[in-house]
K.L.:
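I'd like to ask you about the structure that follows.
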Amino acid sequence: MNYDTLKAYLFKLDPEIAHKLAEFTMISAEKILPASLSLLAKNCVFTDARLQQNLLGSIYHNPVGIGGGFDKNATMIQALIALGFGYLEFGTFTPKAQSGNPKPRLFRLIEEESIQNAMGFNNDGKDEIKARVAKLYPSVLPLWANIGKNKLTPNENAISDYEILVREFNELCDAFVINISSPNTPNLRDLQESSFIKELFASIKSLSKKPIILKIAPDMDHKKAIEISQIAVNAGASGIIISNTSVDYTLSHSANLQDFGGLSGKVITQKSKQIFKAVADELYGYTTLIACGGIDSASEAYERIKMGASLVQIFTAFIYKGPKICYNINSEILELLNKDGFSDISQAVGVNVKKGK
């Protein structure tokens with residue numbers, strides 16, 4: 001059965017139920033038929049030394065990662081490795097388990113190949129997730145821990161939640177991602193301010209030598225995005241992910257559009273690209289930049305690589321395009337590198353920024 005046929009059946013289900021079914025299938029494949037993961041890898045992993053980069057203290061065999069939110073509870077790591085990703089981001093998770101926002105909270109905007117989610121950091125909590133990751137780390141791929149604060153933790157105490165998670169996972173990940181940009185936890189985006197970022201990084205940098213990456217929202221003014229990114233880098237951030245989901249509902253014309261939750265997928269491609277360019281034009285060469293938001297093809301990934309992204313992330317495109325997406329993006333990036341006369345991916349990173357300076 002090809003993926004388009006399978007997708008037709010999956011899309012008849014509630015989106016959250018479909019995700020749970022996919023998760024169950026991945027977990028079952030690992031536990032019941034581990035040989036199936038080898039078969040999956042044979043069809044989905046694209047390997048070529050020209051795509052390899054040494055970044056953030058780790059080797060990245062290809063630039064395509066899965067963004068935070070897909071594997072919140074670190075239950076699908078082995079299957080995602082077999083699907084050809086270059087690195088994996090698990091979470092967002094919080095110190096205490098929480099159920100997230102009321103259902104329904106996940107919606108497909110099918111005609112726009114997009115998703116709207118209002119999940120609210122639903123996760124099993126640090127203890128259960130730590131037990132799972134401890135069995136798998138170190139991994140054959142870099143693992144990033146995407147961490148957030150509990151919904152009931154007031155903003156004035158938010159740093160303590162991040163401190164707890166950095167302490168607990170310091171030996172169980174290759175990098176941390178600080179999530180203060182989700183629109184689905186009340187007042188979380190209020191933390192995207194210089195004073196909080198300075199205090200947060202001053203605290204957690206004393207607790208870990210691992211790279212710490214800040215993920216920002218696409219909806220802020222570009223000047224402010226540049227400012228808080230610069231502040232984060234000056235405070236010790238090793239990278240910036242640009243960007244999280246958007247609450248700009250004018251981007252969609254879907255009949256299924258809701259008035260809450262964050263948009264991802266094709267509807268935010270241009271918005272994410274614009275804010276990425278603004279930040280990259282100022283910060284390229286000073287930190288590692290990771291592009292996220294509406295990336296669904298090699299051409300889109302490659303464009304952001306040339307704009308300054310060392311790595312890219314997908315999420316929604318994985319749902320719409322299926323298990324071969326990493327293979328297709330990576331193999332086609334190699335073709336684009338060859339076409340442009342680059343011998344490896346590092347030569348393409350930031351080439352358009354360099355020309356503009």
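Not measured: the values here are computed from a predicted model. Quick note: residue numbers are just sequence positions, from 1.
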K.L.:
Does Gly120 offer a backbone N or O that forms a donor-acceptor pair with the side chain of Gln98 under 3.5 Å?
P.N.:
yes

K.L.:
Side chains of Thr250 and Asp248: donor-acceptor distance under 3.5 Å anywhere?
P.N.:
yes

K.L.:
Are Phe260 and Tyr249 an aromatic pair, judged by ring center distance below 6.0 Å?
P.N.:
no

K.L.:
Given the rule that I, L, V, M, F, W and Y join up when any side-chain heavy atoms are under 4.5 Å apart, are Ile228 and Leu188 in one cluster?
P.N.:
yes

K.L.:
Report yes if some heavy atom in the side chain of Ile81 is under 4.5 Å from a heavy atom in the side chain of Leu88; otherwise report no.
P.N.:
yes

K.L.:
Identify the two heavy atoms, one from Gly68 and one from Lys215, that lie closest to each other, and give their separation to 0.1 Å.
P.N.:
N-NZ, 4.2 Å

K.L.:
Answer yes or no: does atom NZ of Lys96 have more than 12 heavy-atom neighbours from other residues, nucleotides or ligands under 6.0 Å?
P.N.:
no

K.L.:
Considering all heavy atoms of both residues, which atom of Val279 and which atom of Ile226 are nearest to each other, and what is their separation?
P.N.:
CA-CG1, 4.1 Å

K.L.:
Kindly indicate, with the supporting measurements, whether the criterion salt bridge (Lys or Arg N to Asp or Glu O under 4.0 Å) is fulfilled by Glu335 and Lys339.
P.N.:
CA-CA 6 Å; Glu335 293 176 7; Lys339 183 178 178 181; over 6 Å; no

K.L.:
Mark yes or no: Lys324 above the aromatic ring of Tyr327, with NZ or CZ under 6.0 Å from the six-membered ring centre and no more than 45 degrees from the axis.
P.N.:
yes

K.L.:
Let me see the working for Ile197 and Leu214 under side chain to side chain contact (heavy atoms under 4.5 Å, CB included), right down to the final yes or no.
P.N.:
CA-CA 9 Å; Ile197 290 170; Leu214 180 67; 4.1 Å; yes

K.L.:
Considering residues, nucleotides and ligands other than Lys277, do more than 12 of their heavy atoms fall under 6.0 Å from its NZ?
P.N.:
no

K.L.:
Do you know which two heavy atoms are closest between Ala134 and Leu172, and how far apart they sit?
P.N.:
CA-CD2, 3.7 Å

K.L.:
Where do Ala232 and Phe201 come nearest, in terms of heavy atoms and distance?
P.N.:
CB-CE1, 4.2 Å

K.L.:
Is a salt bridge present between Asp124 and Arg132, judged by a nitrogen-to-oxygen distance below 4.0 Å?
P.N.:
yes

K.L.:
For residues Asn101 and Asn184, determine if any side-chain heavy atom of one lies less than 4.5 Å from a side-chain heavy atom of the other.
P.N.:
yes

K.L.:
Looking at Leu21, Ile17, Thr5, which one forms a side-chain contact (heavy atoms from CB on, under 4.5 Å) with Leu10?
P.N.:
Leu21

K.L.:
Drop me the distance from Ser160's OG to Asn150's CG, to the nearest 0.5 angstrom.
P.N.:
9.5 Å

K.L.:
Is the Phe121 to Phe93 ring centre distance short of 6.0 Å?
P.N.:
no

K.L.:
Check this for me: Lys20, atom NZ, are more than 12 non-hydrogen atoms of other residues, nucleotides or ligands nearer than 6.0 Å?
P.N.:
no

K.L.:
Check whether any side-chain heavy atom of Met26 sits under 4.5 Å from a side-chain heavy atom of Gln78, and report yes or no.
P.N.:
no

K.L.:
Counting N and O atoms only, with roles assigned by atom type, does the side chain of Ser238 sit under 3.5 Å from a partner on the main chain of Pro211, one being a donor and the other an acceptor?
P.N.:
no

K.L.:
Between Ile268 and Thr316, is any pair of side-chain heavy atoms under 4.5 Å apart?
P.N.:
no

K.L.:
Could you check whether the rings of Trp144 and Tyr87 sit parallel, tilted or perpendicular, using 30° and 60° as the cut-offs?
P.N.:
tilted

K.L.:
When you measure from the side chain of Tyr320 to the backbone of Lys7, do you find a donor-acceptor pair of N or O atoms at a distance under 3.5 Å?
P.N.:
no

K.L.:
For a quick test of reading the model, state the closest non-hydrogen atom pair linking Ala278 to His222 and the distance between them.
P.N.:
CB-ND1, 3.6 Å

K.L.:
Does the distance from a Lys or Arg side-chain N to an Asp or Glu carboxylate O, for Lys266 and Glu112, drop under 4.0 Å?
P.N.:
no

K.L.:
Do Asn62 and Val45 come within less than 4.5 Å of each other through their side chains, counting heavy atoms only?
P.N.:
no

K.L.:
To the nearest 0.5 Å, what is the distance between OH on Tyr302 and CD1 on Ile333?
P.N.:
9.0 Å

K.L.:
Verify, without hydrogens or angle tests, whether Ser139 (side chain) and Leu136 (backbone) share a donor-acceptor contact under 3.5 angstrom.
P.N.:
no

K.L.:
Is the shortest distance from a Lys or Arg side-chain nitrogen in Asp174 or Lys210 to a carboxylate oxygen in the other one below 4.0 Å?
P.N.:
no

K.L.:
Is it true that Ser297 and Ser299 share a donor-acceptor pair across their side chains at a distance under 3.5 Å?
P.N.:
yes

K.L.:
Please check this pair: side chain of Asp14 against backbone of Glu16, looking for a donor-acceptor N/O pair closer than 3.5 Å.
P.N.:
yes

K.L.:
Using distance alone, with no hydrogens and no angle criterion, decide if Asn117 and Thr245 have a side-chain donor and acceptor under 3.5 Å apart.
P.N.:
no

K.L.:
Within the 4.5 Å heavy-atom criterion, are Ile305 and Ile345 side-chain neighbours or not?
P.N.:
yes

K.L.:
Where the side chain of Ser208 meets the backbone of Lys205, is there a donor-acceptor pair that is under 3.5 Å apart?
P.N.:
no

K.L.:
Among all residues two or more places apart in sequence or in another chain, which pass the side-chain hydrogen bond (donor to acceptor under 3.5 Å, both in side chains) test with Thr153?
P.N.:
Asp161

K.L.:
Output, in order, the C-alpha distance, side-chain angles, deciding distance and verdict of side chain to side chain contact (heavy atoms under 4.5 Å, CB included) for Lys321 and Ile329.
P.N.:
CA-CA 11 Å; Lys321 298 293 181 69; Ile329 289 178; over 6 Å; no

K.L.:
For side chain to side chain contact (heavy atoms under 4.5 Å, CB included), just list the numbers for Lys149 and Asn155, CA-CA rounded to whole Å, side-chain angles, deciding distance to a tenth of an Å, and then say yes or no.
P.N.:
CA-CA 9 Å; Lys149 80 172 189 71; Asn155 277 5; 3.1 Å; yes

K.L.:
Can any side-chain N or O of Arg189 pair as donor or acceptor with the backbone N or O of Ser181 at less than 3.5 Å?
P.N.:
yes

K.L.:
Mind checking whether Val177 and Ile241 have side chains closer than 4.5 Å, heavy atoms only?
P.N.:
yes

K.L.:
Tell me whether Ile314 shares a hydrophobic cluster with Ile115, the cluster being built from Ile, Leu, Val, Met, Phe, Trp, Tyr side chains joined at under 4.5 Å.
P.N.:
yes

K.L.:
Check for a donor-acceptor pair, side chain of Asp340 on one end and backbone N or O of Phe342 on the other, with a separation under 3.5 Å.
P.N.:
no

K.L.:
For the pair Lys223 and Glu227, find out whether any cationic side-chain nitrogen is under 4.0 Å from an anionic carboxylate oxygen.
P.N.:
no

K.L.:
Please check: side-chain N/O of Ser243 versus main-chain N/O of Ala217, any donor-acceptor pairing under 3.5 Å?
P.N.:
no

K.L.:
Less than 4.5 Å apart, any side-chain heavy atom of Asp71 and any of Glu89?
P.N.:
no

K.L.:
Write down the atom of Arg105, the atom of Ser99, and the distance for their closest heavy-atom approach.
P.N.:
NH1-O, 2.8 Å

K.L.:
Sort out for me which residue in Val166, Ile212, Ile204 forms a side-chain contact (heavy atoms from CB on, under 4.5 Å) with Ile147.
P.N.:
Val166

K.L.:
Start with the C-alpha gap between Val349 and Gln53, add the side-chain angles, then the distance that decides, and say whether side chain to side chain contact (heavy atoms under 4.5 Å, CB included) holds.
P.N.:
CA-CA 11 Å; Val349 175; Gln53 299 175 86; 4.0 Å; yes

K.L.:
Distance from Leu56 atom CG to Ser310 atom OG, nearest 0.5 Å?
P.N.:
8.0 Å

K.L.:
Distance to the ring centre below 6.0 angstrom and angle to the axis at most 45 degrees; does that hold for Arg108 and Phe11?
P.N.:
yes

K.L.:
Within the side chain of Ser229, is there an N or O that forms a donor-acceptor pair under 3.5 Å with the backbone of Ala225?
P.N.:
yes

K.L.:
Among side-chain atoms of Glu23 and Thr75, is any donor-acceptor pair under 3.5 angstrom?
P.N.:
yes

K.L.:
If only side-chain N and O atoms count, and only distance matters, is there a donor-acceptor pair under 3.5 Å linking Gln347 with Ser343?
P.N.:
yes

K.L.:
Between CG of Leu334 and OG1 of Thr47, what distance do you get to the nearest 0.5 Å?
P.N.:
11.5 Å

K.L.:
Rounded to the nearest 0.5 Å, how far apart are CZ of Phe169 and CD1 of Ile164?
P.N.:
11.5 Å

K.L.:
What's the spacing between Ile325 CD1 and Leu83 CG if we round to 0.5 Å?
P.N.:
11.0 Å

